[in-house]
**Student:** 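Okay, here's the structure, questions in a sec.
The residues of the chain are indexed from 1 along the displayed sequence. Both ligands and their constituent atoms are indexed starting at 1 by order of listing. Just so you know, these numbers come straight off a predicted model, no measurement behind them.
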Amino acid sequence: MTTRRLAVLTSGGDCAGLNAVIRAVTDHASGTHGWDVIGIKNGHLGLLEDPPQVIGLSMEAVRGDVLRTGGTLLGTTTKGDPFAFPDAAGKLHDRSGDVVAGLKRLGVNALVVIGGDGSMRLFHRLLDHSGIPWVGVPKTIDNDVPGTEYAVGFFTAVEVVGEAMDRLSSTAASHRRIMVLEVMGRDSGFLGLFGGLAGGADVILLPEFPYSLDDMTRHITALTDNRPSAVLVVAAEGIKRPPEDRRTDGSVGLAIARELQARTGFDARCTVLGHVQRGGSPAMFDRLLASAFGAKAVNLLAGGQTSRLVVWRGGVVTDIPISDAAKGPRFVGPDSELIRTARALGIYIGDTGR
Ligand code: F6P
């Protein structure tokens, strides 16, 4: 059998656990199958360079701390749409053919793309008719890739949110304050929901469900029996701004804090967690997910499969067509398990229509 050359790349926003996927892919492809493994630098941008930018990956290269480190040793990008790629003068060109040509020039005949739903859409379009077999591995702190219960990086971000709430809780109690924590997640509320529940939030505001400042105020004053104590509010970055807020930009969490202070009379502060949620060492569950996903991706390619996304469903690692994942993003449903939990615990979560 001729040795296969497998390439792996990371695409889109980074998160914890990407290196753990790269390690698993390299170990299984190289160690089990004896394939040649290379890493493409900076997502598809590395393929548009002349020559294409790559690093050699071996079992030796992914030993040591690779499993434990945050970020991506390959680099990644959220920029440079290859279908409308800007030249030095800012003029746009279709360079999608150059991405495929870069892979062919490198002799790549199996590719693993570690990315979110946007990256799956991009590579689906790029590679559909290329004849290069490829498999996707879902990653994102937003956890919004369709078809998988969990994506790599999500649980590390949940840990960060939970830990931030632990810290906010004590200072909120000392000063009898309302603490609003603004979390990432783009237009999906998974991070706010999981992090908020794990961190003991009294109020969780998600992009999926409209909220009422009047109802929230009633909820908070009833909770505190009109005496301020620690009140923890998690606001996902994607929620609508309060209609009363005249600003059109800036932190939505801060806008919520201002409104709650004005309405309840209690002191309110806002913390915007930002990219802290994307950095640092991966949580143990992300390492497990990354390892299982990486091994499964190589198995699929070894079995002659292509255009599949590896997914986690009910404790089982399986796969779905990339076209299903490319329909993303996915959102928190009103009847999802943890929404039911939040309701049962008396947490204010806005209007879920139930
Ligand atoms: O999609 C991941 C994510 O971290 C979102 O939660 C957030 O809205 C966005 O990326 C931030 O993007 P950037 O790193 O470009 O500021």
**Student:** Among I239, D245, V272, which residue satisfies the side chain to side chain contact (heavy atoms under 4.5 Å, CB included) criterion with V252?
**Tutor:**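 Only one option passes, and that is I239.
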**Student:** Would you say G185 has any N or O atom under 3.5 Å from an N or O of ligand 1, going by distance alone?
**Tutor:** yes
**Student:** Give the table of side-chain donor-acceptor pairs shorter than 3.5 Å for residues 7-24, with sequence neighbours excluded, one pair per line with atom names and distance.
**Tutor:**
| unit_1 | atom_1 | unit_2 | atom_2 | d |
| --- | --- | --- | --- | --- |
| T10 | OG1 | T72 | OG1 | 2.9 |
| T10 | OG1 | G75 | O | 2.8 |
| S11 | OG | S119 | OG | 2.8 |
| D14 | OD1 | R278 | NE | 2.9 |
| D14 | OD1 | R278 | NH2 | 3.4 |
| N19 | OD1 | L73 | N | 2.7 |
| N19 | ND2 | T69 | OG1 | 3.0 |
| N19 | ND2 | G70 | O | 3.3 |

**Student:** Check each heavy atom of Q277 against ligand 1 and say whether those closer than 4.0 Å belong to the side chain, the backbone, both or neither.
**Tutor:** neither
**Student:** With atoms numbered from 1 as shown, which atoms in ligand 1 lie under 4.0 angstrom from a non-hydrogen atom of I141?
**Tutor:** 4 (O), 6 (O)
**Student:** To check your reading of the model: name the closest protein heavy atom to atom 9 (C) of ligand 1, its residue, and the distance in Å.
**Tutor:** R186 NH2, 3.4 Å
**Student:** Tell me, which protein residue and heavy-atom name are nearest atom 5 (C) of ligand 1, and how many Å apart are they?
**Tutor:** D142 OD1, 3.5 Å
**Student:** Side chains of T140 and F154: does their closest heavy-atom pair fall under 4.5 Å?
**Tutor:**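 When only atoms from C-beta onward are counted, F154 and T140 do not touch, as no gap falls below 4.5 Å.
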**Student:** Side chains of P51 and R105, heavy atoms from C-beta outward: is any pair under 4.5 Å?
**Tutor:** yes
**Student:** To the nearest 0.5 angstrom, please state how far the CD1 atom of I40 sits from the OG1 atom of T76.
**Tutor:**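 The OG1 atom of T76 is 12.5 Å from CD1 of I40, to the nearest 0.5 Å.
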**Student:** Among all the protein's non-hydrogen atoms, which is closest to atom 14 (O) of ligand 1, and how far away is it?
**Tutor:**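 Looking at atom 14 (O) of ligand 1, the protein heavy atom closest to it is H275 NE2, 2.9 Å.
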**Student:** Among protein heavy atoms, which lies nearest atom 4 (O) of ligand 1, and at what distance?
**Tutor:**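 The answer is R278 NH1, 2.8 Å.
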**Student:** Give the residue, atom name and distance (to 0.1 Å) of the protein heavy atom nearest atom 8 (O) of ligand 1.
**Tutor:** E237 OE2, 2.5 Å
**Student:** Any chance you could measure I132, atom CD1, to F123, atom CZ, to the nearest 0.5 Å?
**Tutor:** 10.5 Å
